[in-house]
Amino acid sequence: MLLEDTMITLTLRVLDNNNNCDTFIKRNVFIYPSITPLFTVPTQICEGNAVLFENKSKVLSGSMEFKWNFGTGNAADTTDAPEPVFQFPGNGTYKVKLTARTVPFGFAFDTTISVTVNPIPTIAFTKTNACEGENLTFTNKTTPSAARSTWDFGDGSTSSSESPNHDWNANLGPKKVTFTITLDNGCSQSVSKDLVVLTQPKPNFTASDVCAGDPVVFVNNTTWPQGDISYKWDFGDGTTTNNSDPVKKYITSVTLTPNVTLYAYIAGGCADSITQKITINEAPRYRDWE
């Protein structure tokens, strides 16, 4: 067995069969070193990952130079780096070839490994600003939908539901919601969105009991943090108004106790309401008032 990187002497004897004279020819032969080309990649590669190719090639003596072809079909996707980092253009299986050449002798050896790049989910979800004390529904728009979901609502709570509801209660202000999807191949993707948990308006009003035909003055005592606000009054007799502090006459010949509801709406879509019963007392005699 001839060893690599070894100088040996070969002797050739030439014999004349007629006279038995012989001649010896000697030559020194150098067994050049060969390379065992080898490289490794991560066991799991996801689309978009920067992949480190760890070069495990060995040579007994001298040094090596390398040529990598990443199997994309693009002539530019090659490199001479000893341990390159490469990002594949998409998911799929690529035949990556490493050619190692001895220096200074120039003998080339190569190896090819199939590298699989797993797909990642296309992740998205819809949201709106949240209102204090109300559940907010998050709608999962991810493809494929068959994946493990993880939600971080930015207030210390999480969920693994596909399209969860969440109530921030009194935890108001800006929040960052992060949604992570993990496929069965182990690849994951995350997306974050900002939203604001808005303070609800707190509708309230007062109104004095009056006699039939007398005007009822409704005093609007609604409070809200800031911004625009609008109202709707339902007087319990089929009439409504959008005035802030309305005045209303009830025409009746008997005592009425209508339920009056005040709705308050603020910018951002948050709303609340309050319903109170008022009394319209029967007048001593009935007539039409203007």
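Numbers here simply count residues along the sequence, with the first being 1.
Not one N or O on the side chain of Glu54 forms a donor-acceptor pair closer than 3.5 Å with the backbone of Thr40. Not a single donor-acceptor pair under 3.5 Å links the side chain of Thr111 to the backbone N or O of Leu38. Under a 3.5 Å cut-off, the side chain of Thr255 and the backbone N or O of Glu282 do form a donor-acceptor pair. Between the side chain of Asp152 and the backbone N or O of Thr178, no donor-acceptor pair lies under 3.5 Å. Remark: side-chain polar atoms of Asn91 are not paired, donor with acceptor, to backbone N or O of Glu47 under 3.5 angstrom. Here the side chain of Asn55 pairs a donor or acceptor atom with the backbone of Pro82 at under 3.5 angstrom. The backbone N or O of Asn281 sits nowhere less than 3.5 Å from a side-chain atom of Thr279 that would complete a donor-acceptor pair.
Applying the side chain to side chain contact (heavy atoms under 4.5 Å, CB included) criterion to Thr126, with sequence neighbours excluded, gives Thr139, Lys141. Residues meeting the ring pair (Phe, Tyr, Trp, His ring centres under 6.0 Å) test with Phe107, sequence neighbours left out: Tyr32. With sequence neighbours excluded, the residues forming a side chain to side chain contact (heavy atoms under 4.5 Å, CB included) with Thr99 are Lys67, Lys97, Ala108, Asp110, listed by chain and number. Every residue was checked against the ring pair (Phe, Tyr, Trp, His ring centres under 6.0 Å) condition with Tyr265, not counting sequence neighbours, and none meets it. Judged as a side chain to side chain contact (heavy atoms under 4.5 Å, CB included), and not counting sequence neighbours, Thr36 has no contacts. In this structure, the side chain to side chain contact (heavy atoms under 4.5 Å, CB included) partners of Ser159, at least two apart in sequence or on a different chain, are Trp151, Phe153, Ser161, Pro164. Checked against ring pair (Phe, Tyr, Trp, His ring centres under 6.0 Å), Phe88 has the following partners two or more places apart in sequence or in another chain: Phe86, Tyr94.
In this structure, Thr102 and Ser34 have side chains that are not in contact, with every pair of non-hydrogen atoms separated by 4.5 Å or more. Phe218 places none of its side-chain heavy atoms less than 4.5 Å from the side chain of Asn243. Between Pro119 and Asn185 the shortest side-chain heavy-atom distance falls below 4.5 Å. The shortest side-chain heavy-atom distance between Val216 and Phe235 does not fall under the 4.5 Å cut-off. At a threshold of 4.5 Å between non-hydrogen side-chain atoms, the residues Thr222 and Leu262 count as touching. Side-chain contact between Pro203 and Ile274: present, with at least one pair of heavy atoms (C-beta onward) separated by less than 4.5 Å. The closest side-chain heavy-atom distance from Asn221 to Lys202 is not below 4.5 Å. With a 4.5 Å cut-off on side-chain heavy atoms, Thr137 and Asn135 do not count as touching.
No continuous path of hydrophobic side-chain contacts links Trp168 to Leu198 [ILVMFWY only; heavy atoms under 4.5 Å]. Note: the hydrophobic cluster containing Ile181 also contains Val191 (ILVMFWY, side chain heavy atoms under 4.5 Å, direct or indirect links). Taking hydrophobic clusters as Ile, Leu, Val, Met, Phe, Trp and Tyr residues chained together by side-chain heavy-atom distances below 4.5 Å, Phe125 does not share a cluster with Ile120.
Classified by interplanar angle (parallel below 30°, tilted 30° to 60°, perpendicular above 60°), the ring pair Phe205/Trp233 is perpendicular.
Separation of atoms CD1 (Ile35) and CZ (Phe105) is listed at 11.0 Å; rounding is to 0.5 Å. The structure places SG of Cys46 at 8.0 Å from CG of Leu183, a figure rounded to the nearest 0.5 Å. Atom OG1 of Thr206 sits about 9.0 Å away from atom CG of Asp245, to the nearest 0.5 Å. Once rounded to the nearest 0.5 Å, the distance linking CZ of Phe39 with CG of Leu98 reads 6.0 Å. For the atom pair Asp237 CG and Asn259 CG, the distance stands at 11.5 Å (nearest 0.5 Å). One distance of note links CG of Asp155 with CG of Leu172; it measures 11.5 Å at 0.5 Å rounding.
Leu52 belongs to a hydrophobic cluster with Val85, counting contacts under 4.5 Å between side-chain heavy atoms of Ile, Leu, Val, Met, Phe, Trp and Tyr, direct or through other members. Listed by chain and number, the hydrophobic cluster partners of Val217 are Val219, Val247, where partners are ILVMFWY side chains within reach of under 4.5 Å, directly or through others. Side-chain heavy-atom separations under 4.5 angstrom define the hydrophobic clusters, and Leu15 shares its cluster with no other residue.
Listed here is the closest heavy atom pair of Cys131 and Gln200: CB-NE2, 3.7 Å. Across all non-hydrogen atoms, the minimal contact from Gln44 to Cys187 is NE2-N, 4.1 Å. Of all heavy-atom pairs spanning Lys176 and Ser192, the tightest one is CG-CB, 3.9 Å. Residues Ser273 and Tyr263 share a closest heavy-atom pair of CB-CD2, 3.5 Å. For Pro121 against Thr142, the heavy-atom pair with the smallest separation is CB-CG2, 3.9 Å. Minimum heavy-atom separation, Ala124 to Phe179: O-CE2, 4.0 Å.
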Discussion item. Between Val41 and Phe53, is the side-chain contact (heavy atoms from CB on, under 4.5 Å) condition met? List the steps.
Written reply: CA-CA 5 Å; Val41 294; Phe53 291 83; 3.3 Å; yes

Item to complete: For the pair Val260 and Gln276, evaluate side-chain contact (heavy atoms from CB on, under 4.5 Å) and give the outcome as yes or no after the intermediate values.
Response: CA-CA 5 Å; Val260 178; Gln276 298 185 116; 5.7 Å; no

Discussion item. Set out, in order, the CA-CA distance, both residues' side-chain angles and the distance that settles side-chain contact (heavy atoms from CB on, under 4.5 Å) for Val115 and Val51, then state yes or no.
Written reply: CA-CA 10 Å; Val115 176; Val51 182; 5.6 Å; no

Discussion item. For Val210 and Ile280: C-alpha separation, side-chain torsions, deciding distance, then whether side-chain contact (heavy atoms from CB on, under 4.5 Å) applies.
Written reply: CA-CA 5 Å; Val210 298; Ile280 309 299; 3.8 Å; yes

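Screening residues 77-128 for disulfide (SG to SG under 2.5 Å) gives no qualifying pairs among residues at least two apart or on separate chains. Legend: disulfide (SG to SG under 2.5 Å) pairs involving residues 48-121, not counting sequence neighbours: none detected.
In this structure, a donor-acceptor pair under 3.5 Å is present between the side chains of Thr239 and Lys248.
Atom CG of Asp228 sits in a sparse spot, with 12 or fewer heavy atoms from other residues, nucleotides or ligands closer than 6.0 Å. More than 12 heavy atoms of other residues, nucleotides or ligands lie within 6.0 Å of NZ in Lys277, so this atom counts as buried by the packing criterion.
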